[in-house]
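Since the structure comes first, as structure tokens, the remarks are kept for the end.
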Amino acid sequence: MATVDEATQKFIQNLQEKTGVSLEKWIERVKASGHTKHKEIVNWLKTEKELTHGYANLIALHVIDPNRGTNSAEELVAGIFVGNKEPFRPAYDTLIRVIKTFGKDLEIAPKKTYVSVRRKKQFVTLEPKSSRLDVCINLGQVPGTDRLEVVPNAGMMPSHRVRVLEPSEVDKELIAWLKAGYDRS
């Protein structure tokens with residue numbers, strides 16, 4: 001599966017192929033239109049320029065944040081593990097190494113405060129906190145344990161959470177839960 005950066009680049013390439021106009025030219029057009037808010041831009045592109053929502057949203061995001069997409073996935077991950085969250089980076093690295101062994105159909109997508117891991121759908125998020133690394137897994141209706149906490153609002157992602165402090169806690173039990181989340185996604 002393509003990485004987020006590769007997928008975005010392909011989407012930008014498809015925009016130009018489908019419309020005959022580059023992302024840069026679309027950004028210029030939006031700026032000339034005078035629209036400055038995300039929703040205004042999306043609506044204008046959809047109604048006046050007849051773009052699909054996906055392309056309109058892509059353009060709007062780049063108009064509002066010109067530096068969007070300039071950070072690599074590694075830079076985003078590094079930004080998540082700063083300050084008091086830095087001690088949990090080794091546990092994160094161990095988790096990612098393990099998760100990558102599940103299959104080649106994974107997408108690892110760093111966000112501002114956490115990392116999403118998807119197959120067909122998201123099955124785990126890895127989010128450092130000031131005192132731990134939360135490993136949140138979509139396991140459905142699996143009963144909780146002392147270690148595997150059921151997250152309130154059952155039925156929403158994630159369904160369960162495991163709090164991890166160090167790489168040694170990425171043991172057979174946690175790996176089995178992660179694999180179960182992968183298998184059901």
Side-chain angles (χ1 to χ4, degrees), residues 1-12 38 54 57-58 61-62 64-185:
M1 182 173 275
T3 66
V4 174
D5 294 337
E6 291 169 348
T8 300
Q9 288 306 315
K10 184 66 175 166
F11 200 52
I12 292 169
H38 183 270
N57 186 55
L58 171 77
L61 290 170
H62 280 81
I64 291 167
D65 181 4
N67 295 320
R68 183 172 195 80
T70 59
N71 291 336
S72 70
E74 182 52 40
E75 289 171 327
L76 288 170
V77 170
I80 295 170
F81 288 94
V82 295
N84 58 2
K85 298 175 184 178
E86 190 175 348
F88 308 109
R89 179 66 192 258
Y92 166 84
D93 291 337
T94 300
L95 283 158
I96 290 297
R97 273 193 303 278
V98 167
I99 290 168
K100 283 181 175 180
T101 66
F102 296 162
K104 295 181 186 233
D105 57 348
L106 293 170
E107 178 183 352
I108 299 169
K111 310 295 183 190
K112 285 187 176 185
T113 60
Y114 69 96
V115 175
S116 168
V117 183
R118 292 175 237 171
R119 190 176 183 199
K120 294 176 185 147
K121 59 184 180 178
Q122 180 174 272
F123 69 94
V124 69
T125 61
L126 306 170
E127 183 176 3
K129 304 288 188 179
S130 60
S131 61
R132 66 187 183 273
L133 174 64
D134 279 353
V135 179
C136 300
I137 312 166
N138 191 0
L139 293 172
Q141 299 299 316
V142 172
T145 68
D146 287 344
R147 184 175 181 206
L148 181 68
E149 302 171 37
V150 174
V151 176
N153 301 321
M156 298 180 71
M157 173 58 199
S159 61
H160 295 77
R161 173 180 53 222
V162 178
R163 298 169 194 243
V164 174
L165 300 176
E166 55 189 54
S168 64
E169 294 177 39
V170 182
D171 56 12
K172 288 180 183 182
E173 184 178 50
L174 178 53
I175 293 168
W177 290 325
L178 291 166
K179 182 70 167 80
Y182 169 84
D183 289 342
R184 74 184 303 270
S185 67

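In this text the structure is predicted, and so the values were computed from the model without any measurement. All heavy atoms count here, side chains included; hydrogens, waters and symmetry mates do not.
- Taken from OG1 in Thr113 to NZ in Lys85, the straight-line distance is 7.0 Å, to the nearest 0.5 Å.
- Contact detail for His160 and Gly140: the closest heavy-atom pair is CE1-O, 3.3 Å.
- From Ile137, atom CD1 reaches atom CZ of Arg161 across 11.5 Å, with rounding to the nearest 0.5 Å.
- Residues Glu127 and Thr125 bring no donor and acceptor atom of their side chains to less than 3.5 Å of each other.
- A distance of 7.5 Å separates NZ of Lys120 from CG of Asp105, quoted to the nearest 0.5 Å.
- Judged as a salt bridge (charged side-chain N to carboxylate O under 4.0 Å, His left out), and not counting sequence neighbours, Glu169 has no contacts.
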Kindly determine whether Lys121 and Ser185 satisfy side-chain contact (heavy atoms from CB on, under 4.5 Å), including the steps that lead there. CA-CA 5 Å; Lys121 59 184 180 178; Ser185 67; 4.0 Å; yes

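- Rounded to the nearest 0.5 Å, atoms CG (Asn57) and NE2 (His38) are 4.0 Å apart.
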List the steps, then state whether side-chain contact (heavy atoms from CB on, under 4.5 Å) holds for Ile96 with Leu126. CA-CA 9 Å; Ile96 290 297; Leu126 306 170; 3.7 Å; yes

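- By the side-chain hydrogen bond (donor to acceptor under 3.5 Å, both in side chains) test, Asp146 pairs with no residue at all, sequence neighbours left out.
- One finds the CG atom of Leu106 at 11.5 Å from the CZ atom of Arg118 (value rounded to the nearest 0.5 Å).
- The stretch residues 91-113 participates, sequence neighbours left out, in these ring-ring contact (aromatic ring centres under 6.0 Å, His included) pairs: Phe81-Tyr92, Phe102-Tyr182.
- Proximity of Val142 to Arg184: side-chain heavy atoms (C-beta onward) are nowhere separated by under 4.5 Å.
- The two residues Pro158 and Val151 make their nearest non-hydrogen contact at O-CB, 3.6 Å.
- A salt bridge is absent between Arg97 and Asp93; no separation between the charged side-chain nitrogens and carboxylate oxygens falls under 4.0 Å.
- Checking side-chain atoms of Ser159 against main-chain N and O of Leu139 turns up a donor-acceptor pair under 3.5 Å.
- Annotation: side chain of Arg89 is not in contact with side chain of Ile80 (no heavy-atom distance under 4.5 Å).
- Contact annotation: the side chain of Leu95 approaches that of Leu133 to within less than 4.5 Å [non-hydrogen atoms, C-beta and beyond].
- The structure places CG of Leu178 at 5.0 Å from CD1 of Ile99, a figure rounded to the nearest 0.5 Å.
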Is there a side-chain contact (heavy atoms from CB on, under 4.5 Å) between Ile108 and Lys100? Walk through the geometry before answering. CA-CA 9 Å; Ile108 299 169; Lys100 283 181 175 180; 3.6 Å; yes

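- Closest of all the heavy-atom pairs between Asp171 and Leu174 is OD1-N, 3.0 Å.
- No side-chain heavy atom of Asp134 sits under 4.5 Å from any side-chain heavy atom of Phe88.
- Residues Val117 and Glu107 are not in side-chain contact: their nearest non-hydrogen atoms beyond the backbone lie 4.5 Å or more apart.
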